[in-house]
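Okay, structure first, notes after.
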Amino acid sequence: MQIQDFHFLPFFLLLLLSTGCFAKLHHNYYHNSCPNVESIVRAAVKQKFEQTFVTAPATLRLFFHDCFVRGCDASVLLHSNNHTSEKDNAENLSLAGDGFDTVIKAKAAVDSVPECKNKVSCADILALATRDVVALTGGPSYAVELGRRDGRISTRKSVRHHLPLPDFGLDQLNAMFARHGLSQTDMIALSGAHTIGFSHCKHFSKRLYSFHSKNRIDPTFNPSYVDELKRECPRNVDQRIAVDMDSRSSFTFDNVYFKNLQMGRGLFTSDQVLFTDPRSRETVNLFASNNSAFEEAFVAAMKKLGRVGVKTRNQGEIRIDCSSVN
């Protein structure tokens, strides 16, 4: 899939609007209103992480799914009694509850401090919590730009065609990420977050049992990996069963994900294609051989991701309850 039908002027205006929004974000945004916000959020996230490791991949995935739909405005957190919000879309039903709970607990911790009560947006808390879970799992820490407002709109239909699917090829991935100002290198670096991810069997079972090949198995799969996955995900397995996306280093944020791709151990088509497609293979090889290069690229990509579609000032609000508009 190629990016088409973009006229220069609308795209240029979109770029100016986007630049104007993140220009209002800065690292010391809460210096006067809630100076200790980062340490408060970090302590709450650490406590939640110590209760369950799932906190890390769940929070990281929640941030990505939020930013790619309507921008980084915490709209994915909004609840709807008639099941019409973003999190009710089929693509978001697999978002682990521990990610939502992390934000709720961090928000409660922030609001328990009198000077901070109702001063910090849920969108910023999610951005901070995401940075913290990456660091807690051994990944890089980085400065987070702050000043986002929470969105007031969340619809189930708005998710459609806004999130990458497990069977995407490189062109589809690049086109989707490019719409948010993210390069191919950014996309590959962000895919590296799968090093602490997990997935339900249904999202890759086609590669094991019904691929368009003679033996019905995706030929880009490492044969030994196929055997492992078939043991964990037999036919007609319980849909609640999940497996680690990085089978060799699932509890550590590192570059082993890319080493797995070199060996045909990418769980999704959208993972493995990063190595099988020669246009992206060089970057995979770089990240596989140099963890520092991966971390540097990941931090740069996360900063760009955190600027996607942000709302500032009167474009949004600071929610009292992250799950409902004020």
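Because the structure is a prediction, the values reported are computed rather than measured.
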Begin with the C-alpha distance, continue with both residues' side-chain angles, and end with the deciding distance and a verdict on side chain to side chain contact (heavy atoms under 4.5 Å, CB included) for L128 and L146. CA-CA 9 Å; L128 288 169; L146 302 169; 3.9 Å; yes

Could you go through the salt bridge (charged side-chain N to carboxylate O under 4.0 Å, His left out) check for D132 and K48 one step at a time? CA-CA 11 Å; D132 293 337; K48 172 69 178 175; over 6 Å; no

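A salt bridge is defined here as a Lys NZ or Arg NE, NH1 or NH2 lying under 4.0 Å from an Asp or Glu carboxylate O, and K304 with D186 meets this definition. Between D254 and R248 no salt bridge is recorded (no basic side-chain N to carboxylate O distance below 4.0 Å).
Atom OG of S210 and atom CG of D218 lie 10.5 Å apart (nearest 0.5 Å). Atom CG of N118 is separated from atom CG of D111 by 5.0 Å, given to the nearest 0.5 angstrom.
Checked options K87, E86, R152; the residue passing with S75 is E86 (criterion: side-chain hydrogen bond (donor to acceptor under 3.5 Å, both in side chains)).
At most 12 heavy atoms of other shown residues, nucleotides or ligands fall within 6.0 angstrom of atom CG in N236. Within 6.0 Å of the CD atom in Q184, the count of heavy atoms belonging to other residues, nucleotides or ligands exceeds 12.
For the pair R216 and F211, the NZ or CZ position fails the cation-pi test of under 6.0 Å to the six-membered ring centre and within 45 degrees of the ring normal.
In this structure, a donor-acceptor pair under 3.5 Å is present between the side chains of D88 and S85. Counted by atom type alone, Y30 and D124 present one or more donor-acceptor pairs between their side chains at under 3.5 Å.
Within the 4.5 Å cutoff, side-chain heavy atoms of H27 are placed close to those of E145.
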